[in-house]
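Read through the structure below, which is laid out as structure tokens, and then see the notes.
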2 protein chains.
Amino acid sequence: MVDVAKAAGVSLATVSAAVNGSAPVSAALKGRIHKAIRQVGYKTNAIARSLKTGTTSTIGLMVADITNPFFTTTIHAIQELAHRHGYGVMLCCSDEDADKERMHLRLLADRMVDGFIVASAGETPELRALVEGGRTPVVLIDRLVDGLETDAVVIDNVAATRDAVRHLAAAGHRRIGLITGRRTLSTGRERYEGYRQALEEAGIAFEPALVGSARFGADDGYKAAAKLLSLADRPTAIFACNNLSGIGLMRAIHDAGLRCPDDIAVACFDDFDWANVFHPRLTTVAQPTQAIGVQAMLLLLERLKDATARALPPRVVRLKAELRVRDSSVRPAR
Amino acid sequence: MVDVAKAAGVSLATVSAAVNGSAPVSAALKGRIHKAIRQVGYKTNAIARSLKTGTTSTIGLMVADITNPFFTTTIHAIQELAHRHGYGVMLCCSDEDADKERMHLRLLADRMVDGFIVASAGETPELRALVEGGRTPVVLIDRLVDGLETDAVVIDNVAATRDAVRHLAAAGHRRIGLITGRRTLSTGRERYEGYRQALEEAGIAFEPALVGSARFGADDGYKAAAKLLSLADRPTAIFACNNLSGIGLMRAIHDAGLRCPDDIAVACFDDFDWANVFHPRLTTVAQPTQAIGVQAMLLLLERLKDATARALPPRVVRLKAELRVRDSSVRPAR
DNA sequence: TTGTATGCGTTATCAT
DNA sequence: ATGATAACGCATACAA
């Protein structure tokens, strides 16, 4: 920039003013300056600017599983919107590991990101300090964390699961199994609650034996499902609380020599491109993944751009998920 | 940091030396300093450091489609390895749009990332300038770009496709269709070439009518597939050159009232979790997605950490993909 | 409207 | 071994 100033025969400050429009500069000088910029091949140094302004035009995005199509679409939406507003996105993945999340949170904080969007793997001192510090806005997505008062975008997991299980009950099923995710997550707890509600609503007694727990990955889901399927009086329908346990469930059904939906009805959380293609076409709870990302980024942008908005109380927006009934949950007519 | 110095009663320079180990500091002072650091709650400001050192400990990752499971796993591997080495990852997605890619490349360059990993949507002046400038290391993944001499990690697309089509031919198919991706991409060209080679090898005459083109997304794949299927003398087997066109293909088959593999055999590029679960279990070409990410990051790290390695000539590593034969490509015994 | 001077938080070069 | 001081490249308050 000093080179540009020299080449254009003006002062440093004038160049800065011309580049940022922070002060009026005569048209003549502007022309000279821009010409000089091209000549010198000047590129504004964002680092130096950051040091001076205290902002990096970068947000930190922390997700629990980047491999999950659910997060993938959300990340995409966030990234798209962020870029449109001049923000870069620094991505971190905790792999559902709270310790990793802490590390990454520190990495992001060190780099002085202007804001955070995080799908937390669990409450940590770092996360709490971050939101309580109040210096950097953070918006939670997908999962709420207890006692953390900050912006958030989640879906109504209770209603979504209730709808799905209600659908199963309406089809005549009385023994409905559940494969839950981790109860330490708000999603896990809420979906479990939705299951209970639907059961009660349908006048079906809750049976602990019918709920399996898949804390990590498809293999865990497989084991939980296999256990359910080996019950003497096995369920005639099963709802899987996430994508991965859904995969495990379908594998277990296949390996048990059972057929879906003839022998057992299935529905699961999280829709994905292929769900509609194979046999059986899978009944799913489709989250508004794109909208979640957009909403989250919008919330963050408000706090970022608008000084008065920074003082606003926490806003949590709950979006609705949609039950997509396909073949896997409805027994074919005989 | 100046506060720390004050609190510990030492000079700024000494604190810096103690923190970075850049100069010997007596144990006594070290103790005082670290205590002061905790007292003050000091956190090193990466921005200021970057301004001084000229490095950001951040790499730019540019992919064409973050929604694609292929990229997803690769991104994950890159991110993991980067973090282990103290690097942050700034993620950009071009959506297969060269113009977007240019914008994002500029965004990353402005932020002074130390290195790039890019799955390019096409050659652009920005990309060329970047590698020819030689100031920042660039490693290409998935796709090579003509005339760009830089590190790269790709797979042997010709061999992979040849293997898959050969498998189809070996099963007795003589009319084998192809749904290609964009020919402007190296992957598109190489996979097409592999198809031609397998045909020639099997003594099957090439028929232009049997190759459809799906440039963007599943819908495009659907159309291309539908056209192939409506041919008077339609193919008895089809190979889809990527995940998305595979989805379109399967939908088209279903909508045409055909059954796979009974009426038509199918194989497609890119494996994914669900491929093995539904009926028909899908025959796929599985890329070593994780290895691609690891290799790419390794290549980049070498250039980043080792001053002498920066002068090394471009290295392109070609990994092998693996054909996973499942049900969709083999006609059941009658 | 334009220029001068100063500081952002580090690291690095020199003395001491 | 430690301390004073000068950059790094930009933005801005203030003076002209």
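Letters A, B, ... mirror the listed sequences (proteins, then strands); counts begin at 1.
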Charged N-O contact under 4.0 Å between K43(A) and E126(B)
no
Mind checking if [X] touches a base, just sugar-phosphate, or nothing, with heavy atoms under 4.0 Å?
X      : value
V2(B)  : nothing
K43(B) : sugar-phosphate
S50(B) : nothing
L29(A) : sugar-phosphate

Spacing of [X] atom [atom1] relative to [N] atom [atom2], expressed in whole Å:
X       : N       : atom1 : atom2 : value
Y42(A)  : dG9(D)  : OH    : C1'   : 8 Å
M1(B)   : dT5(D)  : CE    : C1'   : 14 Å
I47(B)  : dT10(C) : CD1   : P     : 11 Å
M112(A) : dT10(C) : CE    : P     : 9 Å
L51(A)  : dA7(D)  : CG    : P     : 17 Å
R32(B)  : dA1(D)  : CZ    : P     : 16 Å
R49(B)  : dA12(C) : CZ    : C1'   : 13 Å

Minimal non-hydrogen separation, [X] against [Y], with atom names:
X       : Y       : value
R128(A) : D146(A) : NH2-O, 3.4 Å
L144(A) : A152(A) : CD1-CB, 3.5 Å
R310(B) : P137(B) : NH2-CD, 3.1 Å

CD of Q39(B): more than 12 outside heavy atoms within 6.0 angstrom?
yes
Of the candidate nucleotides [options], which contains the atom at the shortest distance from the side chain of [X]?
X      : options                   : value
S22(A) : dT2(C), dT12(D), dT11(C)  : dT12(D)
T53(B) : dC10(D), dT11(C), dG3(C)  : dT11(C)
A13(A) : dT12(D), dT10(C), dC10(D) : dT12(D)
L12(A) : dT2(C), dC10(D), dG3(D)   : dC10(D)
N45(A) : dT11(C), dT4(C), dC10(D)  : dC10(D)

Taking only N and O in the side chain of [X], is any of them less than 4.0 Å away from OP1 or OP2 of [N]?
X      : N       : answer
N20(A) : dA11(D) : yes
S11(B) : dA4(D)  : no
S26(B) : dT2(D)  : yes
S16(B) : dA12(C) : no

Can you tell which of L300(B), D114(B), T56(B) makes a side-chain contact (heavy atoms from CB on, under 4.5 Å) with Y87(B)?
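Considering L300(B), D114(B), T56(B), a side-chain contact (heavy atoms from CB on, under 4.5 Å) with Y87(B) is found only for D114(B).
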Starting from the 5' end of DNA chain D, give me the residue, A17(A) or G9(B), whose nearest nucleotide shows up first.
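Looking at the nearest nucleotide for each, G9(B) comes out on the 5' side.
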Can you find an N or O donor on one side and an acceptor on the other, under 3.5 Å apart, linking the side chain of K52(B) with the base of dA7(D)?
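Yes, the side chain and the base share a sub-3.5 Å donor-acceptor pair.
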